[in-house]
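Contents: one structure, followed by commentary.
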2 protein chains.
Amino acid sequence: MALNTGLLMFVAHRAMERRVLDAVAAAGFAITAAQARIFQRIGPDGTRLGELAEQAQVTKQTAGFLVDQLERAGYVERAPDPTDARARLVRIAERGRAAGEVAAGVVAEVEAEWAAHLGARRTAALRDALERLREITDPWAEGDQ
Amino acid sequence: MALNTGLLMFVAHRAMERRVLDAVAAAGFAITAAQARIFQRIGPDGTRLGELAEQAQVTKQTAGFLVDQLERAGYVERAPDPTDARARLVRIAERGRAAGEVAAGVVAEVEAEWAAHLGARRTAALRDALERLREITDPWAEGDQ
DNA sequence: CTATATCCGTCAGAGAATCTGACTATGAAC
DNA sequence: GTTCATAGTCAGATTCTCTGACGGATATAG
């Protein structure tokens, strides 16, 4: 029973996630996988809670719960949305930025390892296919830039 | 901030998972995502709890907890491992087989949709890259056949 | 301008999933 | 036949996630 394509992606995704989380934790930033899944979707100018929920594929309540934790830990802050008084923007705070930089470094490192194993051509093909796949699998595939 | 490769995989994986779970539920098989992640790793001749845990990337305790539920729901059964009295094999039971067939059908359907969107060449390249990636991301990438 | 519908986020409560640590029993290595 | 490793379980706590109900803000229709 060869693994289906979705499962193959799960395996690689988990490997990346674990590497990043371990490194971030080692750098002194305690953060859980669930928190990270929300955190990494926050845009440079802040993102609404509902959008974070949608992208991370959890309910607004769950997203709110996780943002509460991230806020208490100093990784993010909430600010009113100037364009809509109902909404609030979740923004990355100073400590969050520091953690994000560590994470980005590890992501680059892991991607480099993957590229080394696959070779340039296959790596490019993988990214190309994944990005195109996103067009039909990510209801939110637009300008989150 | 273009999405990193791991995140792109997460998105597609989630899309597949949701499709399959919804269809399986519609067919009358109530099963959660966590249960499914364990279930789909069970080999044709049964698999040890520890191996399931390792592949699904959870602790033995968590795997045991989920297998308990699957067993109570009639999807799997536990049998002693003839080769080691300490171990027990988790095997797919009749009801599990039925659910698995429904799932396999949806997986095929989703993969076909993906192939239609990507085209044959890119689809093959995706699978090829993912399978090679598994060599370095799946500590268990061997003969689970 | 008001009524109605809709959207944003939160509160409350429950259930599911996950972990760490400690334990039993079996197997393997000298 | 001790000693160390392995397979699984028990107990307890924490984290994650959901459904349902709600209050406040916006949009739309008249």
Side-chain angles (χ1 to χ4, degrees), chain A residues 10 14 17-18 21-22 24-25 29-43 46-73 75-91 139-140, chain B residues 10 14 17-18 21-22 25 29-43 45-73 75-91 139-140:
Chain A
F10 171 77
R14 270 298 179 95
E17 186 173 69
R18 178 156 299 186
L21 254 27
D22 286 353
V24 168
F29 300 106
I31 189 170
T32 67
Q35 288 164 9
R37 281 183 207 131
I38 293 290
F39 181 85
Q40 74 188 324
R41 299 299 195 125
I42 302 173
T47 305
R48 291 186 187 182
L49 186 68
E51 286 177 6
L52 291 177
E54 204 177 329
Q55 290 180 62
Q57 310 209 41
V58 295
T59 60
K60 284 185 300 178
Q61 290 90 326
T62 299
F65 174 78
L66 295 168
V67 167
D68 282 347
Q69 299 176 327
L70 288 168
E71 192 174 25
R72 253 181 274 121
Y75 294 117
V76 308
E77 59 200 8
R78 279 191 245 232
D81 184 337
T83 73
D84 189 335
R86 290 170 302 182
R88 303 169 72 187
L89 290 175
V90 178
R91 280 199 305 229
W140 222 84
Chain B
F10 172 77
R14 270 298 178 97
E17 185 173 71
R18 177 155 301 185
L21 254 28
D22 285 353
F29 300 107
I31 188 169
T32 68
Q35 288 164 9
R37 281 184 207 129
I38 293 290
F39 181 85
Q40 73 188 324
R41 300 298 196 126
I42 302 173
D45 302 321
T47 305
R48 291 187 187 182
L49 186 68
E51 286 176 5
L52 291 177
E54 204 177 329
Q55 290 180 63
Q57 310 210 40
V58 295
T59 59
K60 283 185 301 176
Q61 290 90 327
T62 299
F65 174 78
L66 295 168
V67 167
D68 282 347
Q69 298 175 330
L70 288 167
E71 194 174 22
R72 252 180 277 121
Y75 294 117
V76 307
E77 59 200 8
R78 279 191 245 230
D81 184 337
T83 73
D84 189 336
R86 291 170 302 180
R88 303 168 72 187
L89 290 175
V90 178
R91 281 199 305 228
W140 222 84

Atom [atom1] of [X] and atom [atom2] of [N]: how far apart are they, to the nearest Å?
X	N	atom1	atom2	result
A:Asp22	C:dC19	CG	C1'	15 Å
B:Leu70	C:dA17	CG	C1'	13 Å
B:Arg37	D:dC16	CZ	P	14 Å
A:Glu54	D:dC18	CD	P	13 Å
A:Glu17	C:dT18	CD	P	12 Å
A:Phe65	D:dG20	CZ	P	20 Å

Taking 4.0 Å as the cut-off, does a side-chain nitrogen or oxygen of [X] come that near to OP1 or OP2 on [N]?
X	N	result
B:Thr32	C:dA17	yes
B:Gln35	C:dA16	no
B:Thr59	C:dC19	yes

Under 3.5 Å side-chain donor-acceptor pair for B:Arg41 and B:Gln55: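 A pair is found: one side chain offers a donor N or O, the other an acceptor, under 3.5 Å apart.
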Toward the 5' end of DNA chain C, by each residue's nearest nucleotide, B:Thr83 or B:Leu66: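 It is B:Leu66, whose closest nucleotide lies nearer the 5' terminus.
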State, with a plain yes or no, whether a side-chain heavy atom of [X] is found less than 4.5 Å away from one of [Y].
X	Y	result
B:Ile31	B:Leu70	yes
A:Val58	A:Leu52	no
B:Arg78	B:Val67	yes
A:Val90	A:Val76	yes
A:Glu17	B:Phe10	no

Atom pair NZ (A:Lys60) and CG (A:Leu49), whose distance is rounded to the nearest 0.5 Å: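 Here the rounded value is 8.0 Å.
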For B:Gln40 against B:Arg37, the heavy-atom pair lying closest together: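 Minimum heavy-atom contact is NE2-CA, 3.6 Å.
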Axis-to-axis angle between the two ends of the helix from C:dG9-D:dC22 to C:dC30-D:dG1 (five base pairs per end, rounded to 10 degrees):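 The value is 40°.
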From CA spacing to verdict: side-chain contact (heavy atoms from CB on, under 4.5 Å), A:Arg91, A:Ile42: CA-CA 7 Å; A:Arg91 280 199 305 229; A:Ile42 302 173; 5.5 Å; no
Contact pattern, 5' to 3', of nucleotides 4-10 of chain D - B, S or - by protein heavy atom under 4.0 Å: -BBSBBB
